Number of protein chains: 2
Amino acid sequence: MTEQKIIDAGLECFAQYGYQNTSLSDIADKVGIKKPSLYNHFSSKEAIFLRVLEEVAQKELEHLKGFTEYTQDRSIKEQIHEVFNLYVDHMSYSTEGAFFKRFTFFPPEEFADQILQVFLNTEEQVIKIIGPIFQKGMDTGVIRPLQLNELTSTFYTMIDGLFLEENFYDRETLVERQKASFKIFWLGIQAASQEG
Amino acid sequence: MTEQKIIDAGLECFAQYGYQNTSLSDIADKVGIKKPSLYNHFSSKEAIFLRVLEEVAQKELEHLKGFTEYTQDRSIKEQIHEVFNLYVDHMSYSTEGAFFKRFTFFPPEEFADQILQVFLNTEEQVIKIIGPIFQKGMDTGVIRPLQLNELTSTFYTMIDGLFLEENFYDRETLVERQKASFKIFWLGIQAASQEG
DNA sequence: CCTACCGATCGGTAGG
DNA sequence: CCTACCGATCGGTAGG
């Protein structure tokens with residue numbers, strides 16, 4: 001279906017070039033039609049962008065919900081590490097991640113409200129997944145007593161930092177940084193009695 | 001001097017709107033001249049951008065060098081905390097920080113090489129400042145034995161994450177996140193014998 | 001430093 | 001879904 005092709009092409013162009021830097025001709029070329037034909041499916045460039053944003057938001061939430069399946073029957077540390085790695089990898093190496101990164105960090109003014117909402121929904125979803133794991137860790141004495149939002153916000157800040165750095169470093173360096181961050185994060189939150 | 005006014009106006013516009021989204025008319029308006037008059041001082045839009053980039057890079061390095069003065073005669077933890085706060089605050093609340101953030105994270109293709117170079121120089125400078133402090137911390141047994149680049153890269157990743165998040169949260173929330181990140185970072189790197 | 005203007009490209013429309 | 005075209009805006013130039 002052409003409409004879906006336009007959304008897919010828009011996602012790739014917007015993720016790679018940004019909003020202003022993507023022309024309707026770019027999208028049309030990728031779909032294999034002429035620019036004016038886009039208007040049979042969408043009323044404006046803004047409308048295309050908003051549909052892409054909508055799809056990305058929905059896909060992200062679904063993708064995140066899938067994380068819970070991976071983290072059964074593992075130690076607290078392994079569960080946290082798994083969510084950490086899954087999320088960083090997804091954000092670093094998928095087109096949706098690139099789109100999400102670009103537009104949550106530098107939203108065009110006219111879409112700022114909708115984009116902020118998507119960001120906050122996503123963070124809420126991540127905290128819904130990771131929060132209970134941290135809480136259980138504290139309850140069982142594996143994690144030192146800290147405020148839950150200290151744990152979740154630091155967790156999130158490290159992820160934000162890592163997928164920013166994806167813009168500069170080669171994959172090997174990134175993997176090293178990812179390992180180092182998680183290592184020090186875990187050393188910081190583990191209960192003193194667990195050291196060894 | 002008009003040339004300096006153009007550089008200053010360019011800095012503000014590029015930082016706020018990005019490269020493509022800043023027109024030469026925007027810059028000229030801010031300076032108080034007409035667009036063609038810009039060409040008495042610069043040969044192209046690219047030339048203006050590159051001069052702005054050059055200035056920002058130079059200012060950043062000078063600013064970072066000033067950090068060393070703040071960190072005399074303090075404990076290792078206080079020194080690290082001070083550099084952390086100074087750097088995050090500077091990147092979050094200055095125009096140079098906004099410029100630096102935007103263009104190191106999403107460089108226009110035609111400037112990618114120069115921008116990457118500026119980023120790497122800056123990181124090198126930060127590591128030059130913070131590296132010896134970490135090393136001394138390990139040597140004196142205040143910081144647990146870790147690889148130096150594990151310390152510096154995690155330190156840098158947290159800073160990257162925080163000044164990304166500046167785009168979403170109000171100042172109060174940011175200050176809380178900044179505190180939480182440093183707290184857990186320090187817990188992660190301090191020697192076990194220092195716990196209390 | 002200005003007015004006047006250029007070719008190119010943009011988002012979008014007319015009309016079929 | 002196309003060709004042909006619009007008004008606006010862009011970076012940049014001519015000429016004074």
Side-chain angles (χ1 to χ4, degrees), chain A residues 1-56 98-99 102-103 106-115, chain B residues 1-56 98-99 102-103 106-115:
Chain A
M1 203 179 154
T2 305
E3 189 180 317
Q4 190 57 45
K5 276 189 190 171
I6 294 171
I7 296 172
D8 293 344
L11 169 61
E12 284 183 39
C13 291
F14 290 137
Q16 188 167 2
Y17 308 120
Y19 183 73
Q20 292 278 356
N21 237 343
T22 293
S23 74
L24 293 181
S25 302
D26 292 336
I27 296 177
D29 282 355
K30 208 159 227 167
V31 175
I33 57 177
K34 297 295 177 186
K35 182 183 66 166
S37 304
L38 294 171
Y39 287 85
N40 286 316
H41 303 276
F42 294 93
S43 63
S44 67
K45 189 183 181 183
E46 296 200 2
I48 296 177
F49 180 81
L50 289 173
R51 270 300 308 274
V52 171
L53 177 65
E54 208 176 279
E55 271 226 359
V56 169
F99 178 93
R102 182 182 282 274
F103 290 104
F106 296 105
E109 273 184 59
E110 59 264 54
F111 307 118
D113 290 346
Q114 290 101 320
I115 289 172
Chain B
M1 203 180 156
T2 305
E3 188 180 317
Q4 190 57 46
K5 278 189 190 171
I6 294 171
I7 296 172
D8 293 344
L11 169 60
E12 285 183 37
C13 290
F14 290 137
Q16 188 167 1
Y17 307 120
Y19 183 74
Q20 291 278 354
N21 236 345
T22 293
S23 74
L24 292 180
S25 303
D26 292 336
I27 296 176
D29 282 355
K30 207 158 228 167
V31 175
I33 58 176
K34 297 294 178 186
K35 182 184 67 166
S37 303
L38 294 172
Y39 287 85
N40 285 316
H41 304 276
F42 294 93
S43 63
S44 66
K45 188 182 180 185
E46 296 200 2
I48 297 177
F49 180 82
L50 288 173
R51 271 298 310 272
V52 172
L53 177 65
E54 209 175 278
E55 272 227 359
V56 168
F99 178 93
R102 182 183 282 276
F103 290 104
F106 296 105
E109 271 184 60
E110 58 264 54
F111 306 118
D113 290 347
Q114 291 100 321
I115 289 173

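Sequence lines set the chain letters: A, B, ... in the order given, protein chains first and strands last, and positions in each chain run from 1. Quick caveat: nothing in here was measured; it's all calculated off a predicted structure.
With sequence neighbours excluded, the residues satisfying ring-ring contact (aromatic ring centres under 6.0 Å, His included) with F49(A) are F14(A), Y19(A), F99(A), F103(A), F111(A).
The side chain of Y39(A) has dG11(C) as its nearest neighbour among dG11(C), dC2(C), dT13(D).
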How would DNA chain C look in dot-bracket form, 5' to 3', counting Watson-Crick and G-U wobble pairs with both distances under 3.5 Å and writing | for bases paired to another strand?
||||||||||||||||
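Distance check: E12(B) CD to T22(B) OG1 gives 11.0 Å after rounding to the nearest 0.5 Å. Going from atom CD of E3(B) over to atom CG of D8(B) covers 11.0 Å, rounded to the nearest 0.5 Å. L50(A) contributes atom CG, which lies 9.5 Å from atom OG of S43(A) (distance to the nearest 0.5 angstrom).
Two residues are said to be in side-chain contact when any heavy atoms from C-beta on lie closer than 4.5 Å; R102(B) and Y17(B) fail this criterion. Using a 4.5 Å heavy-atom cutoff, the side chains of D113(B) and P107(B) are not in contact. Inter-residue side-chain proximity for L11(B) and E55(B) is flagged as unmet; no heavy-atom pair is nearer than 4.5 Å.
A heavy atom lying under 4.0 Å from DNA chain D marks none of the residues of residues 42-54 of chain A. Taken residue by residue, residues 17-27 of chain B places no heavy atom nearer than 4.0 Å to DNA chain C.
Between I27(B) and the choices I33(B), I6(B), V52(B), I7(B), the side chain to side chain contact (heavy atoms under 4.5 Å, CB included) rule is met once, by I6(B).
More than 12 heavy-atom neighbours from other residues, nucleotides or ligands sit within 6.0 angstrom of NZ on K30(A). Atom NZ of K5(A) sits in a sparse spot, with 12 or fewer heavy atoms from other residues, nucleotides or ligands closer than 6.0 Å.
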Every protein N/O within reach of nucleotides 3-8 of chain D N/O, cut-off under 3.5 Å:
none

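With D26(A) contributing its side chain and S23(A) its backbone, the two residues share a donor-acceptor pair below 3.5 Å.
For residues 22-47 of chain B, no pair satisfies ring-ring contact (aromatic ring centres under 6.0 Å, His included), with sequence neighbours left out.
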